[in-house]
2 protein chains.
Amino acid sequence: MNIYDISKQAGVSIATVSRVLNGSDKVSPATREKVLKVMEQNSYTPNAFARSLGLNSMHTVGILCADSSDVYLASAIYYLERELRYHSYASMLCCTGYQLEEKKKYLQLLLSRNVDALFFVGSNFVEDTEKNNAYLFEAAGKVPVFILNGYLAGDNIHSVLCDDSLAVSEMTDTLIKRGSRSPVYLYRSLSYSGKRKLAGFQEACEKNGISDGKGRAFSCPAPVHDTMTFLAGLEKDLTFDACITADDELAVGAVKYALSQGKKIPAEFQVTGYNNSLLSTCSTPEITTVDNRVEFMCTTAVSLLMQVLDGKDIPARTMFSADLIHRETTN
Amino acid sequence: MNIYDISKQAGVSIATVSRVLNGSDKVSPATREKVLKVMEQNSYTPNAFARSLGLNSMHTVGILCADSSDVYLASAIYYLERELRYHSYASMLCCTGYQLEEKKKYLQLLLSRNVDALFFVGSNFVEDTEKNNAYLFEAAGKVPVFILNGYLAGDNIHSVLCDDSLAVSEMTDTLIKRGSRSPVYLYRSLSYSGKRKLAGFQEACEKNGISDGKGRAFSCPAPVHDTMTFLAGLEKDLTFDACITADDELAVGAVKYALSQGKKIPAEFQVTGYNNSLLSTCSTPEITTVDNRVEFMCTTAVSLLMQVLDGKDIPARTMFSADLIHRETTN
DNA sequence: TTGTAGGCGTTATCAG
DNA sequence: CTGATAACGCCTACAA
């Protein structure tokens with residue numbers, strides 16, 4: 001059943017059928033009714049592919065992330081998809097993992113579907129060298145590109161991100177004000193946002209006269225038990241009375257480490273997480289964390305995309321501040 | 001840049017270009033090289049829409065779930081997408097929430113994109129009445145439909161699910177054998193799988209001579225604090241020394257309730273979760289739970305889809321058993 | 001092995 | 001307001 005069949009049955013031309021289909025106002029109410037009735041009777045639905053071919057768009061955007069089962073990324077995807085759907089765009093999801101070659105390869109999967117735009121969720125998509133970012137520039141040559149929680153300067157590339165540096169800096173500052181004399185900082189990766197967080201920690205250390213800020217930051221494995229082991233090992237070389245982490249999962253590990261060592265939280269040992277995810281409230285005691293406003297980030301990004309698709313000019317970079325959520329792991 | 005431009009530049013017909021594009025073996029190596037070179041030089045990519053129009057497929061499937069930020073659903077989506085991508089299918093994600101009208105509406109979003117198949121993740125898509133399931137039957141009239149963790153009999157509908165009833169029954173049985181005399185069961189919803197789990201609990205109660213099995217099962221709100229409040233209230237009317245739950249988040253709430261009341265886990269109070277999610281190990285003590293094998297479910301479903309697309313005949317229903325994971329909240 | 005021509009189902013541009 | 005007709009870009013018999 002196609003537009004020709006409908007046009008025949010309704011006794012009009014395909015052009016008229018198409019007009020009815022697209023809600024054009026240049027159709028008389030009478031013929032409109034007639035056509036709609038025939039469509040109804042045949043439960044006709046227009047062919048999306050033919051439509052796309054003519055319009056060169058399927059009203060679909062691509063969402064790339066390293067791992068959609070990560071609690072933080074999962075919620076970002078949730079909000080993005082919701083907002084896009086609200087604007088009647090469909091979302092194609094693609095999890096690329098953390099390897100550059102895979103990212104490139106799976107980007108093609110999306111690009112080959114002619115998506116209208118691309119969201120790269122997580123700063124791990126921004127590589128260190130111009131050359132390794134070539135794939136992003138190339139993508140931006142075809143469709144508008146949005147980087148969430150990361151930043152890269154380039155034509156047709158837009159970044160929406162939280163001021164992670166400031167957030168960690170404030171958090172560290174607060175911890176020190178509340179009694180920590182020797183905090184350590186734990187991170188998983190040094191992506192763009194990873195570096196910014198680290199910088200925040202070091203800045204706060206410096207400001208508070210803690211000289212060896214650099215020597216107090218560590219890359220640490222994330223599964224809870226590995227984090228515990230790591231801290232237990234670290235204890236042999238270094239004294240520390242607080243643990244600032246780059247995400248809630250690391251914080252859970254830190255809490256469990258402290259509990260297993262019989263340290264009192266927060267009196268003897270303070271812990272902070274990042275992301276304000278479910279994990280932070282599932283822990284006992286509940287974890288003080290940074291709310292980096294995923295939902296705001298996603299709704300903002302989608303609304304910016306809509307403006308771009310409207311032909312408007314938008315800033316290359318939009319940054320917003322985080323919120324500190326005080327719970328039971330800090331004084 | 002289209003197939004005509006390439007054909008002109010290469011001095012061949014569009015048919016030949018198309019053959020090269022599709023890896024036909026009926027092209028001489030010489031002309032193939034020639035054509036490939038021209039494509040390369042112009043960094044030509046075929047237009048997906050035109051292609052789809054002829055083939056009537058974009059190699060894309062739709063994934064529906066209530067809420068992709070839910071830890072369990074998020075991991076299901078992750079595995080589904082991974083497997084589909086492996087078979088070079090793209091995934092369109094759509095979160096419908098729990099309202100029937102929304103489910104119907106957003107199903108259209110996917111159907112209107114002419115996806116090749118549909119995955120409904122979570123048994124909440126299967127409604128109580130034939131009439132309310134009409135939207136599923138209708139969808140199945142257009143493309144193969146897979147229901148994950150739920151079951152509905154119907155043409156072109158395939159279910160892949162874990163034997164939840166058996167799992168909860170075994171878990172309850174184990175708890176009783178390990179000392180519980182008065183367990184309660186907590187659930188969030190009575191979806192298909194929700195009902196099966198509940199049935200498992202009641203069956204085990206009966207088997208073990210606990211007469212009021214029905215009176216010991218409760219619908220309970222999920223956010224951790226609400227669960228705690230609920231149990232604290234329940235305590236006034238009922239004695240219970242163990243809490244079997246329908247998902248890990250409820251279990252976390254139960255653990256926190258016990259801790260807040262100073263009950264010793266597991267000596268005085270046992271708790272079990274469901275899903276073997278990150279939450280179960282982030283809790284302290286770590287939660288005994290049911291591993292319902294999300295990954296297996298997803299890889300199985302995708303592999304079944306591939307068989308369907310291959311024209312093979314597959315069973316309407318595939319069921320597999322769960323695994324009990326013993327941790328620190330049970331004796 | 002290669003080329004021609006028709007079809008896929010729309011949308012859009014003209015005339016009328 | 002309506003209709004004819006040409007795109008849109010690719011695939012695939014069928015011919016050569």
Side-chain angles (χ1 to χ4, degrees), chain A residues 1-39 42-60 88 90 108 111-116 142-143 309, chain B residues 1-39 42-60 88 90 108-109 111-116 142-143:
Chain A
M1 180 65 47
N2 60 28
I3 207 170
Y4 283 92
D5 301 324
I6 301 294
S7 77
K8 262 177 221 155
Q9 278 194 43
V12 295
S13 74
I14 61 161
T16 301
V17 178
S18 177
R19 287 193 192 97
V20 171
L21 224 41
N22 296 285
S24 158
D25 50 355
K26 303 182 176 184
V27 185
S28 78
T31 53
R32 157 166 288 119
E33 281 316 309
K34 197 167 55 179
V35 173
L36 283 175
K37 196 169 176 185
V38 177
M39 288 182 177
N42 297 276
S43 65
Y44 159 79
T45 33
N47 181 301
F49 299 141
R51 193 144 208 274
S52 313
L53 181 56
L55 298 170
N56 197 35
S57 155
M58 224 181 41
H59 244 62
T60 297
S88 58
Q108 291 309 317
L111 244 20
S112 77
R113 259 75 173 181
N114 286 26
V115 292
D116 294 320
K142 305 188 177 176
V143 293
L309 295 177
Chain B
M1 180 66 45
N2 59 29
I3 206 170
Y4 284 92
D5 300 325
I6 301 293
S7 78
K8 263 177 218 154
Q9 278 194 43
V12 296
S13 75
I14 61 160
T16 302
V17 177
S18 177
R19 288 194 191 97
V20 171
L21 225 41
N22 295 287
S24 159
D25 50 355
K26 302 183 175 183
V27 185
S28 79
T31 53
R32 158 166 286 118
E33 282 315 311
K34 198 167 53 180
V35 173
L36 283 175
K37 196 168 174 184
V38 176
M39 287 181 175
N42 297 276
S43 65
Y44 160 79
T45 32
N47 181 302
F49 299 142
R51 193 146 207 276
S52 313
L53 181 56
L55 267 36
N56 198 33
S57 155
M58 225 182 38
H59 243 60
T60 297
S88 58
Q108 292 309 319
L109 185 80
L111 244 21
S112 76
R113 259 74 173 181
N114 286 27
V115 293
D116 293 321
K142 305 188 178 177
V143 294

Ignoring backbone atoms, test whether A:Asn2 places a side-chain nitrogen or oxygen under 4.0 Å from the OP1 or OP2 oxygen of C:dG9. yes
Between A:Asn22 and A:Arg51, does any side-chain donor sit less than 3.5 Å from a side-chain acceptor? yes
Is the shortest side-chain N/O distance from A:Thr31 to OP1 or OP2 of D:dC1 below 4.0 Å? no
Contact class for B:Ile14 vs. all strands (heavy atom < 4.0 Å): base, sugar-phosphate, or nothing? base
Got a donor-acceptor contact below 3.5 angstrom from the B:Asn2 side chain to the B:Asp5 backbone? yes
Using a cut-off of 4.0 Å on non-hydrogen atoms, how would the nucleic acid contact of B:Thr16 be classed: base, sugar-phosphate, or nothing? sugar-phosphate
Give one of base, sugar-phosphate or nothing for A:Ser52, where a contact means two heavy atoms less than 4.0 Å apart. nothing
Does D:dC11 have OP1 or OP2 under 4.0 Å away from a side-chain N or O of B:Tyr4? no
Give B:Val17 one of three labels, base, sugar-phosphate or nothing, depending on what nucleic acid heavy atoms sit under 4.0 Å from its own. nothing
Across the strands shown, which category fits A:Phe49 at heavy-atom distances under 4.0 angstrom: base, sugar-phosphate, nothing? nothing
OP1 or OP2 of C:dT11 under 4.0 Å from side-chain N/O of A:Arg51: yes
Is there a side-chain polar atom (N or O) of B:Ser18 under 4.0 Å from OP1 or OP2 of D:dC10? no
Should A:Asn22 be listed as having a side-chain N or O under 4.0 Å from OP1 or OP2 of C:dT11? yes
I want to confirm an ordering. Mapping B:Lys26 and B:Leu53 to their closest nucleotides on DNA chain C, which one lands closer to the 5' end? B:Lys26
